[in-house]
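One structure is given below, encoded as structure tokens.
Worth knowing before you read on, the calculation uses all heavy atoms, side chains too, and leaves out hydrogens, waters and symmetry mates. As the structure is a computational prediction, the values presented were derived from the model and not from experiment.
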Amino acid sequence: LPALVVAWRLHEVLRQQVNPHFLFNSLNVLTSLIKLEPDLAEKFTEHLSKVYRYVLENKDNDLVDLKTELDFLDAYLFLLNIRFLGKIAVTINIGNEKTDLLILPLALQLLIENAIKHNSMSKKPPLRINLFIAENNFLNVENNLQERESYIASTGVGLKNIEHRYQLLEMQAPEFIKTKTSFIAKIPLKESQKI
């Protein structure tokens with residue numbers, strides 16, 4: 001019984017982990033936009049609201065359908081594009097026939113945040129992130145590797161979070177592969193049990 005209690009508590013902590021720096025950075029961007037571009041500030045606020053609505057609505061869900069996660073990702077990427085001004089390019093190549101598959105809520109946000117944290121970026125060259133579904137229904141999130149010069153040793157908390165959540169759900173483990181030119185996260189998707 002104690003092991004189950006520990007697992008449940010770990011699950012709750014991991015499920016609710018959202019980087020507080022994201023909110024801090026978003027509010028700083030919003031403050032600047034209010035003075036300079038009020039119309040864009042309004043759109044930014046709407047997308048920030050969508051992001052946090054998604055977090056609140058799905059904080060108790062173990063899995064969500066990929067369409068829901070991608071809708072969230074669209075709002076999240078809008079915020080990132082305003083913040084980084086062309087320094088990040090995300091390509092999503094996922095057919096509609098796969099959007100009923102299930103994924104951990106916020107998994108994509110954690111993976112993109114991980115890529116931003118560990119890589120330098122500029123307009124030339126931007127950080128490029130590609131999302132696509134490979135064989136066996138694995139969602140690949142791949143970014144070009146351009147590690148920061150002032151490299152800070154990674155704690156790996158974000159990736160461990162994803163691994164632990166899959167382990168708690170007794171699903172196939174994700175894979176994380178680093179090559180000389182790229183970092184690839186392979187996230188298993190689950191078939192929907194719709195009746």
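Note: Asp62 CG to Leu102 CG = 10.5 Å, rounded to the nearest 0.5 Å. Of the inter-residue distances, the one linking Leu30 atom CG with Thr45 atom OG1 reads 4.0 Å to the nearest 0.5 angstrom. Rounding to the nearest 0.5 Å places CZ of Arg53 at 9.5 Å from CD of Glu46. In this structure, NZ in Lys43 is found 11.5 Å from CG in Leu33, a value given to the nearest 0.5 Å. For the atom pair CD1 (Ile34) and CG (Leu40), the distance works out to 11.0 Å, reported to the nearest 0.5 Å. Rounding to the nearest 0.5 angstrom, the gap separating the CD atom in Glu147 from the CG atom in Leu145 is 4.5 Å.
Checked by atom type and distance alone, the side chain of Asp65 never pairs as donor or acceptor with a backbone atom of Asp100 at under 3.5 Å. Judged by distance alone, the side chain of Asn114 and the main-chain N or O of Leu110 form no donor-acceptor pair under 3.5 Å. With Glu69 contributing its side chain and Ile103 its backbone, the two residues share no donor-acceptor pair below 3.5 Å. Listed for the Thr91 side chain is no donor-acceptor partner under 3.5 Å among the backbone atoms of Asn130.
Linking Ile, Leu, Val, Met, Phe, Trp and Tyr whenever their side-chain heavy atoms come within less than 4.5 Å puts Met171 and Val64 in one cluster. Using a 4.5 Å cut-off between side-chain heavy atoms of Ile, Leu, Val, Met, Phe, Trp and Tyr, with links allowed through other members, Leu85 and Ile88 fall into different hydrophobic clusters. The hydrophobic clustering, which links ILVMFWY residues whose side-chain heavy atoms are closer than 4.5 Å, places Ile184 and Leu159 apart. Taken together through direct or relayed side-chain contacts under 4.5 Å among Ile, Leu, Val, Met, Phe, Trp and Tyr, Val55 and Tyr76 form part of one hydrophobic cluster. Hydrophobic clustering of Ile, Leu, Val, Met, Phe, Trp and Tyr side chains at less than 4.5 Å, counting indirect connections, unites Phe44 with Tyr52.
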Next item on the list: Evaluate the criterion side chain to side chain donor-acceptor pair (under 3.5 Å) for residue pair Glu163 and Gln167; output intermediate values, then yes/no.
Entry: CA-CA 6 Å; Glu163 286 177 333; Gln167 187 177 19; over 6 Å; no
Item checked: Trace of the side-chain contact (heavy atoms from CB on, under 4.5 Å) decision for Ile187 with Leu111 -> CA-CA 10 Å; Ile187 303 298; Leu111 293 171; 3.6 Å; yes
Item checked: Test log, rule side-chain contact (heavy atoms from CB on, under 4.5 Å), inputs Leu139 and Ile94 -> CA-CA 9 Å; Leu139 175 62; Ile94 297 172; 3.6 Å; yes
Item checked: side-chain contact (heavy atoms from CB on, under 4.5 Å) assessment of Arg128 paired with Asn143 -> CA-CA 5 Å; Arg128 298 191 182 282; Asn143 66 271; over 6 Å; no
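When all heavy atoms of Met121 and Ile116 are compared, the closest pair comes out as CE-CG2, 3.4 Å. Nearest heavy-atom pair across Ile129 and Ala115 is CD1-CB, 4.0 Å. Between Pro174 and Pro188, the shortest heavy-atom distance links the atoms CA-CD, 3.8 Å. Between Ser182 and Glu142, the shortest heavy-atom contact is OG-OE2, 3.8 Å. Closest approach of Leu66 and Leu189 over heavy atoms only: CD2-CD1, 4.0 Å. Here the closest non-hydrogen pair linking Ile133 and Asn137 is CG2-CA, 4.0 Å.
Inter-residue side-chain proximity for Leu108 and Phe72 is flagged as unmet; no heavy-atom pair is nearer than 4.5 Å. Here the side chains of Leu131 and Leu73 are in contact, with some heavy-atom distance below 4.5 Å. Residues Leu77 and Ile112 are in side-chain contact: their nearest non-hydrogen atoms beyond the backbone lie under 4.5 Å apart.
A salt bridge between Lys67 and Asp71 is present, with a side-chain N of the basic residue lying under 4.0 Å from a carboxylate O of the acidic one.
In this structure, Arg83 places its CZ atom where more than 12 heavy-atom neighbours from other residues, nucleotides or ligands lie under 6.0 Å away.
Under the 30°/60° scheme for interplanar angles, the aromatic rings of His47 and Phe78 are found to lie parallel.
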